[in-house]
There are 2 protein chains.
Amino acid sequence: MHALSISEENYLKAIFHLYTGEEGIGTNAIAHHLHTKAASVTEMVKKLAEKKLLTYEKYQGVIPTRKGFTTALAIIRKHRLWEYFLVEKLKLSWDEVHDIAEQLEHIKSDKLIEKLDRFLDFPKLDPHGDPIPDKAGKMCVTKCCCMSEIKPNSNAKITGVKNHSPAFLKHLEKMHLTIGKTIKIVERNDFDQSVQLVLNHETMHISKEIAENLLVHKIKR
Amino acid sequence: MHALSISEENYLKAIFHLYTGEEGIGTNAIAHHLHTKAASVTEMVKKLAEKKLLTYEKYQGVIPTRKGFTTALAIIRKHRLWEYFLVEKLKLSWDEVHDIAEQLEHIKSDKLIEKLDRFLDFPKLDPHGDPIPDKAGKMCVTKCCCMSEIKPNSNAKITGVKNHSPAFLKHLEKMHLTIGKTIKIVERNDFDQSVQLVLNHETMHISKEIAENLLVHKIKR
DNA sequence: AATATAATTTAGTTTAACCTAAAAAAATAT
DNA sequence: ATATTTTTTTAGGTTAAACTAAATTATATT
């Protein structure tokens, strides 16, 4: 019945992001994601299990319940709406907003989020290309794949990023590899897995690391 | 050096609001304001004194330092900017925004507040008529007085409220006694201190309690 | 001035969220 | 199948911020 604490919300979000649908998530994985220790996770996970947000059995890892899912989605919704606000209205850059949204996502007020959503005109994607869940937790499926998996000689549009670190985002910005841009993959180097591509009629090379963290959507033409 | 905790910020704000410039503020007064107990205040006040945000001597009460003042003003600035945003942009009503702003004021990011201030076009007053400190802590002086102190047969404009409770604000809204409205005080009843006034060419009576919590600015005509 | 009342502080608990170190269980390798 | 390594849990400790109850200091009353 009580509202969740900020810590509880952060654990839930981590568990949601780590859950692949296969097996239970280990305490170590959660600890690593939250920069905390496995012992702390065990403790917290017991509390969340009592609140029916996840199922937990000793040594078996953790699986979020339906309630856990919808709760996590509500937090992610808030995070992404705030990110959209920060970039589109306040004109912060996409590499500055994550830490701020990490704080804003814990503000408690259903009405605030409804009003914010309306003010922003119900955006569907956040500044990093991630889908924003609606009030019911539904979000659009953005079928896209890693740029490192695209076959040479095909065209694609940049739709998102897998890594949200400021360093990575700033680098993309500098290279003009931003969301919405259309590129042509020319070839992949067998030696270092780097990728040669054409952007704005100019040829460029990007490292394996960058290609693995860029999400694209294949297009014809 | 560390950033302040939410609790520390709330104590500083309370101390700022209670300080009249005369004597030190007692732990009981602070406890009452924060719905906590005097013993808890004693503890916290020692910590804030170590951080040079206030001076404290046993049994002598507490006085904010210059550093304490500017820190409190920065928090109040954030609170009022967010209130302005919630009312003017998100269209929440003036009785709904206090609790939300109470959470938002603790978000840590100087750049966020600068950008928010610019986005709102540097407002000088919040939705309750309270002045918004600028980046340097300066705010406009709004010379105004309690409606209960105005002499009969004079005109005045409503400029602010002393009480920020939703119940009071909703009541004012219903009576159309909102900020900016011009009224004429007709007379004060000696028995119950109620006030008769004219608003929009209609005569009305308001209780002593309301008159004491409405701030007005006398005008000619 | 002595006493009663009120305000404040101290001492000792509680809770949430973290930690380390050691024990126990599970997974992996020989 | 047994031994080794890794993962997870337990046990016990720490810190911030609250609390209650008792002791102390200040203020007010007679």
Side-chain angles (χ1 to χ4, degrees), chain A residues 1-15 18-20 22-64 68 71-72 75 102-103 105-106 108, chain B residues 1-15 18-20 22-64 68 71-72 75 102-103 105-106 108:
Chain A
M1 294 303 144
H2 306 247
L4 298 179
S5 72
I6 290 178
S7 269
E8 289 171 324
E9 291 194 344
N10 284 335
Y11 272 93
L12 220 47
K13 215 174 28 135
I15 289 162
L18 291 169
Y19 186 63
T20 59
E22 289 140 39
E23 358 163 288
I25 311 151
T27 50
N28 255 333
I30 298 167
H32 186 257
H33 197 265
L34 290 172
H35 307 105
T36 176
K37 297 294 150 73
S40 310
V41 175
T42 303
E43 222 186 345
M44 178 59 95
V45 137
K46 286 177 181 171
K47 210 196 310 178
L48 295 177
E50 281 195 1
K51 296 189 177 185
K52 309 284 184 203
L53 292 161
L54 49 83
T55 61
Y56 166 66
E57 274 191 276
K58 271 190 191 178
Y59 299 104
Q60 298 312 122
V62 139
I63 291 176
T71 307
I75 301 163
E102 205 78 355
Q103 300 177 62
E105 74 190 2
H106 302 294
K108 260 96 183 164
Chain B
M1 293 304 144
H2 305 247
L4 298 180
S5 72
I6 291 178
S7 270
E8 289 172 323
E9 291 194 343
N10 284 334
Y11 273 93
L12 261 186
K13 216 173 29 136
I15 289 161
L18 291 169
Y19 186 63
T20 59
E22 287 140 41
E23 357 162 287
I25 311 151
T27 49
N28 256 331
I30 298 167
H32 187 258
H33 197 266
L34 290 173
H35 307 104
T36 176
K37 297 296 151 68
S40 310
V41 175
T42 303
E43 223 185 346
M44 178 58 95
V45 137
K46 285 177 182 170
K47 211 197 308 178
L48 295 176
E50 280 195 1
K51 296 189 177 186
K52 308 284 183 204
L53 293 161
L54 48 83
T55 61
Y56 166 65
E57 275 191 276
K58 272 190 192 178
Y59 300 102
Q60 298 311 121
V62 139
I63 291 176
T71 307
I75 302 163
E102 206 78 355
Q103 299 177 63
E105 74 190 2
H106 301 295
K108 259 97 182 164

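In the text below, chain A, chain B and the rest are named by the order of the sequence lines, each starting its count at 1. Keep in mind it's a predicted model, so treat the numbers as computed, not measured. Just the heavy atoms: all of them, side chains too, but no hydrogens, waters or symmetry mates, feed the values below.
Side-chain N/O atoms of Lys37(A) include none lying less than 4.0 angstrom from OP1 or OP2 on dC18(C). OP1 or OP2 of dA16(D) has not a single side-chain nitrogen or oxygen of Ser7(B) nearer than 4.0 Å. Phosphate contact (OP1/OP2 of dA16(C), side-chain N/O of Ser5(A), threshold under 4.0 Å): absent.
Separating the CG atom of Asn10(B) from the C1' atom of dA18(D) is a distance of 14 Å, rounded to the nearest angstrom. In this structure, Lys51(A) places its NZ atom 9 Å from P of dA16(C), rounding to the nearest Å. Atom P of nucleotide dT9(D) and atom CE of Met44(A) are separated by 15 Å, given to the nearest angstrom.
Heavy atoms of other residues, nucleotides or ligands lying less than 6.0 angstrom from NZ of Lys52(A) number 12 at most.
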Go along nucleotides 5-10 of chain C 5' to 3' and tag each nucleotide: B for a protein heavy atom under 4.0 Å from its base, S when only backbone or sugar atoms are that close, - otherwise.
--SSBB
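Applying the ring pair (Phe, Tyr, Trp, His ring centres under 6.0 Å) rule to Tyr56(B) yields no partners; only residues at least two apart in sequence or on another chain are considered.
If you run side chain to side chain contact (heavy atoms under 4.5 Å, CB included) between Leu48(A) and each of Leu12(A), Val62(A), Thr71(A), Thr55(A), only Leu12(A) comes through.
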Full working for side-chain contact (heavy atoms from CB on, under 4.5 Å) between Tyr19(A) and Leu54(A):
CA-CA 11 Å; Tyr19(A) 186 63; Leu54(A) 49 83; over 6 Å; no
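Glu8(B) has its side chain out of reach of His2(B): every pair of non-hydrogen atoms, C-beta onward, lies at least 4.5 Å apart.
One N or O on the side chain of Lys108(A) and one on the backbone of Leu4(A) form a donor-acceptor pair closer than 3.5 Å.
Residue Thr36(B) has its side chain nearest to dC19(D) when only dC19(C), dC19(D), dC18(C) are considered.
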